[in-house]
A.B. asks: 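Before we start, here is the structure in question, set down as structure tokens.
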Amino acid sequence: MKRFGRGIATIMFGFGYGEGFPDYSVASIEFAEDNKILVRTAAADVGQGVLTVVVQIAAEVLKVSPEVIRIIPGDTHLTKNAGSSSATRQTFFTGNAVKNAAQALLSNIYHYASIEFRSNYAELSVKGGYVFRVDQPNNKISFWELAQKVKEKGEILRAEASFFPRTNKPNPETGRGEKVYVAYTFVTQIAEVEVDTITGNVQVLKIYTAADIGKAINPQNVEGQIEGGAMQGIGMALMEEQVLKDGVTLNANLTDYLIPTAMDMPQFETCLIEKEDSDGPFGAKGIGEPGTIATAPAIANAIFDAIGIRFYDLPITPDKILKALKEQKDKKL
Amino acid sequence: MKNQEGQYFSPQQIPEALEILSKYGKEIKIIAGGSDLLVQYHDRLYEIAGWLDLKNLTELKKIELNSSEVSIGAMITHSQLEKSPQIKNYFPILSRAAAEIGSPQIRNRGTIGGNIVNASPAGDLLSPLIAYEAKLVLLSSDEKNIIPAEQFFTGPKKTILKPNQLLTQIILPLPPQNCYSSWVKVGKRKALAISTIALAMVVKMSEDNQIIQGAKVCLSSIAPTPLEIKEVREEMIGKTFSQVNFTKLAQLVEDKISPIDDIRGTKEYRKEVARRIMIHCLEEIYSCWRDKCLPIN
Amino acid sequence: MSKMYVGENIIKVDSKEKVIGKALYPDDLSFEGMLYLKIKRAVHPHAILRKLDISKAEKLPGIVKIITAADIPWVKNFGLIIKDQPVLIGIGQKMRYMGDALAIVIAENKEIASQALRLIEVEVEKLEVISDPIRAIEKDAPPIHNNGNILATHYLEKGNIEKGFAQADLIVDKEYRTSFLDHIPLQVESGLGVFDAKTEVITIWAATQWIHDTQADMAQALGLPKEKIRIIQPAIGGAFGKREDISVHLHLALAAMLTKRPVKLTYTREESMITQSKRHAFIVRAKTGATKTGYLTAWQVEVIGDTGAYASSGPAVVRKGLYHCTGPYNVPNVKGVAYTIYTNNTYAGAMRGFGTTQMAFAYESQMDILAFELGIDPVRFRLQNAYEIGSSTPNQQILNTSVGVKDTIQEAARMANWKEESR
Amino acid sequence: MSTHKLTIEFIINGQKRKIETTPFTRLLDLIRDDLHLTGTKEGCGKGECGACTIIMNHQLVASCLVLAPQADGAEIITIEGLGEKGKLDPIQEAFIETGAVQCGFCTPGMVLAAKKLLEENPHPNIEEIKRGISGNLCRCTGYKKIIEAINLAAKRLTQQLEEEKGKEKNV
């Protein structure tokens, strides 16, 4: 027999290292000879898409097509510290560093162009890799020509910037601190499940997610983080457990350490709420970790709704469910 | 392809394969699909002295039907088993069991012969085969043995197969017209799952479809070998469905098994779930029987 | 102002390379004359190494060198926060979990390296294995590290917890447990190392979530200036926190330095699971008070985080879990304590959520139990306690921007067509 | 271990290859180390993850569970064999567009599983897609966008086929 249930969980996540730990990212932007713009960042793209975020932000500020932008990725001898791709921090930290660098570069473009055009900043504009006079749009110079002219003067048209917000070290006795984390992401998930009372297996049917992420730089990628995170949450709730007996792992393989397959996938419905954060790049907050946090408790609550049994330890395996169902039945008798 | 050092044989004919076996016997490993063997020897293939690869033995890749039985070549893959119209028609739960093995990749390589010879307590095809009263053809260069499948298994990964013998065919007697079957595999995940427990049940009815004439219930992952609960026969044979007490039968199955705790499930779980899936299978078979008896107009 | 690219679904910059199979992950790289490494791991989770005999393994044709602790006396411990992880266990030293490295086997090919591992003979003096953090903190438990098994203790206090519970009409007091989890990035740990004899720079191609931090940790362990360690990031096959810690890096560096040849090390999945960090197993005791009208008055927690054999980012993980103990809800009175405990389990570190994932299971279960017991719809119960602008977190941080928690509850309920139930 | 060699022949990505190998080499290692086709990945070595998926003799296969000599005479397609004349396969295009790629390590195997699935079943429903890729683990995406990609590719391939038919008629 199958029993249906649904449960809700709401979570918060203070992102960045916070707690007064120095947390910053450095990025730089320069012009390459092949009419490309080079962004240097050590931010590790582990699949989440930070380098795409970097391209989008640089393109946005510099008003160029994203195809023009090329990235020099992580190399300790070619890029500066961007901090880790963890703590849900890269969109916020490296996003801001790149935004700051792009803005600094843009300022310099205006500065040098105003010399070229013998004009004032206010009379200039940029678009598609050109800087031009607003009143004479045909009177334009490309960024790369401008960079060449700057080079001829013995200077370099490039910019480096960082983002280094302050947080406070919490009081060791009380945890109190004025700003312990730079900002918080909030997520609510509702899980719908079906519990098979013959086998104790749980099928997650649907996951609804509403996430306050400030601003989605790339909505598709934000959804990807949420769906992937939720799937890991399903694993945590129902099947994943590294079994250690006297310090020895009994399931160090993918045969007995189970992660969800496509067959375990529920339907996903996701809604992004954009309550822009005053410090985030274009208002963005992070979503890397928060996507996974609410799922396991939402499922546990849904299982309670389905069979009236609450589980206090994860994962909630078929063994535990059948045992509890049997005890429930024995109690009623 | 040439084999220079006697370490890799891929004969075209069965007699040639048997000859190699009688010569090298224990020293070489027989490889069919490889989906169990290469897992077992992961990161230490160098320990294997030589191979007998069955891939060119076309004789072993056939499913043949005659008036009384079906013969399945040992090199038939799980995918072929799943898709074969004959198997689907006569042995539906064997087809279903094959369809639920591992993944498309595993089903495309893994073979029925390999599944049997590997003799894993969790071997997916084993309980349906025993429930359908399969016989195994064991060939060596000097004799041919045909034995009931349930006699083949002696322990986890242990069988009566001798080093000079090759499993070539699996023979299944054609079931009578009124035959019903049910199969449940319980795993922790829907795909790529090794069974925590599985139960196959085949019930054969009299010509008038009223009296139970045969009943076989076989479970896997609950004992060192696949296990038939023979007591079920006594409780069912000669009776009509209305005379059979499902709850009692399910309890009987639970009582007759003594599984162990392992990473895939506890002893308690296996006993509890055995009872529940037994009832499920009985109900499924009963409802199929009823639908056939009383066609809805 | 409308934006051109921000907020748009620009295609991922690296996805084309990945769909055509041209993206290069560490194990996809190779160098002429490259050697292959395998690591001999601990044979017991808690034991003193008495004898390490590599003589049979060394004689295997194709073995180039086997490095043991005796070859590298200058090398120091490493670790993300606390430098408590040895690069290789020496004679008389302790192995503390099954992933500890005893020797680096360097061979002409992978198969020979694997074979040699099985020829290394190890003798140990076994110690009591501590796999339960509760046992670890008992007075007579053998200390896994010199300073005992309690690695860190953190506290949290806001308002007056006694007063809070006195105001409560209902108190729910429960214990929650979560398991060790593996990140299972599809790509296992792998890397290459090259030592340039002229510049004396060691270059490592290996995925890491923070190359500059890995560089710094490697430099201090090897006693080299940072600029002598260069880390280049190949394509990364997933991380989820597992690539924060050093894995192949130091062993590659040492093998490259000592053989002067390019070297490669790729873990097996089994090795990855036994050796590299886990999600902490947590025990959370949570006691929560609420009024009958459904307002939270007090929240008290005790957290025990099993950090396994080494610190990694353990203390920070357990502390962050503690700091998130109430979820996004207004609670005037909060009190908590969190212990980070050493055991002989695989060490635990960062994993998606950094302690707050385990804690969310506790606080969202508590919220559900309270709602049920109070007969209030769980959505409504959450809404009426949720943060808004001006709310104060357990750390007493006042939230003054971007607090969309109520919107998330309402939107999720709307999508799911959640109708308030009268219980 | 043996260093004994044997020579095998097969067609890989349309090219005939003759190569020396050993009876103890996995097809996966032959493809990656000897042919330098590193798009085929190893994620577990035990047929549990699907990262090493290839198409061999028109079937989806885990190349970590095949001995190299077993591929003698076979026809093999790896991820490098998809697409024509520098153009991506519609499945690859769809993976990019729908955001079905995160870390990308499962992607080559997943794309090949999709390829095989759509060859056998050009109009799969969601359950059929899930089953078709059930041997390929992905830890990043939660599968949803991968399934969307396969759906999109199925639509496009059908459209493409119809257009081609239309053209033939006109001729």
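In the text below, chain A, chain B and the rest are named by the order of the sequence lines, each starting its count at 1.
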A.B. asks: Judged by atom type as modelled, is there a donor-acceptor pair below 3.5 Å linking the side chain of Lys55(B) to the main-chain atoms of Asp72(D)?
C.D. replies: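 Yes; at least one donor-acceptor contact below 3.5 Å.
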A.B. asks: To check you understand the geometry: which heavy-atom pair defines the closest contact between Pro23(D) and Tyr8(B), and what is its length?
C.D. replies: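 Residues Pro23(D) and Tyr8(B), closest heavy atoms: CB-CB, 4.0 Å.
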A.B. asks: Kindly give the heavy-atom pair with the smallest separation between Phe24(D) and Ala49(B), and that separation in Å.
C.D. replies: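 What the structure gives for the nearest pair is CZ-O, 4.0 Å.
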A.B. asks: Rounded to the nearest 0.5 Å, what separation is found between the CD1 atom of Ile133(D) and the OG atom of Ser103(B)?
C.D. replies: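 These two atoms lie 12.0 Å from each other.
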A.B. asks: To check you understand the geometry: which heavy-atom pair defines the closest contact between Gly132(D) and Pro104(B), and what is its length?
C.D. replies: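 Where Gly132(D) meets Pro104(B) most closely, the heavy atoms are O-CG, 3.8 Å.
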A.B. asks: Let me know if Ala193(B) has heavy atoms under 4.5 Å from chain D in its side chain, its backbone, both or neither.
C.D. replies: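 No part of Ala193(B) comes within 4.5 Å of chain D.
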A.B. asks: Salt bridge or not for Arg131(D) and Glu82(B), using N-O below 4.0 Å?
C.D. replies: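 Counted as a salt bridge, because a side-chain N and a carboxylate O are separated by less than 4.0 Å.
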A.B. asks: Using the side-chain contact (heavy atoms from CB on, under 4.5 Å) rule, take Gln7(B) and Leu6(D) through it: C-alpha gap first, then chi angles, then the decisive distance, then the call.
C.D. replies: CA-CA 10 Å; Gln7(B) 292 190 69; Leu6(D) 46 84; over 6 Å; no
A.B. asks: Where on Leu67(D) is there a heavy atom nearer than 4.5 Å to chain B: the side chain, the backbone, both, or neither?
C.D. replies: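 Both backbone and side chain.
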A.B. asks: Of the backbone (N, CA, C, O) and the side chain (C-beta and beyond), which part of Ile106(B) lies under 4.5 Å from a heavy atom of chain D, both, or neither?
C.D. replies: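 Just the side chain, heavy atoms under 4.5 Å.
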A.B. asks: Would you give the length of the straight line joining atom OH of Tyr46(B) to atom OG1 of Thr22(D), rounded to the nearest 0.5 angstrom?
C.D. replies: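 Between Tyr46(B) OH and Thr22(D) OG1, I get 14.0 Å after rounding to 0.5 Å.
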A.B. asks: Could you state the interatomic distance from CG (Leu192(B)) to CG (Leu137(D)), rounded to the nearest 0.5 Å?
C.D. replies: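 Answer rounded to 0.5 Å: 6.0 Å.
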A.B. asks: For Leu60(D), is there any backbone N or O sitting under 3.5 Å from a side-chain donor or acceptor partner on Asn108(B)?
C.D. replies: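 Checking the backbone N and O of Leu60(D) against the side chain of Asn108(B), a donor-acceptor pair under 3.5 Å is found.
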A.B. asks: Looking at Arg44(B), His42(B), Gln40(B), Gln105(B), which has the largest count of heavy-atom pairs under 4.5 Å with chain D?
C.D. replies: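 Of Arg44(B), His42(B), Gln40(B), Gln105(B), Gln105(B) has the most heavy-atom pairs under 4.5 Å with chain D.
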A.B. asks: Quick check: are there more than 12 heavy atoms from other residues, nucleotides or ligands sitting under 6.0 Å from NZ of Lys29(B)?
C.D. replies: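 No, not enclosed.
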A.B. asks: Looking at Tyr90(B), I'd like to know if its OH atom is crowded, meaning that more than 12 non-hydrogen atoms belonging to other residues, nucleotides or ligands lie closer than 6.0 Å.
C.D. replies: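 Atom OH in Tyr90(B) is not packed in, count stays at 12 or less.
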A.B. asks: Between Arg109(B) and Gln70(D), is any side-chain donor less than 3.5 angstrom from a side-chain acceptor?
C.D. replies: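 Yes.
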A.B. asks: Between Pro69(D) and Ser10(B), is there a side-chain heavy-atom distance shorter than 4.5 Å?
C.D. replies: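 Side chain of Ser10(B) against side chain of Pro69(D), heavy atoms only: no contact under 4.5 Å found.
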A.B. asks: More than 12 heavy atoms of other residues, nucleotides or ligands under 6.0 Å from CD of Glu119(D): is that the case?
C.D. replies: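 More than 12 heavy atoms, drawn from other residues, nucleotides or ligands, come within 6.0 Å of this atom.
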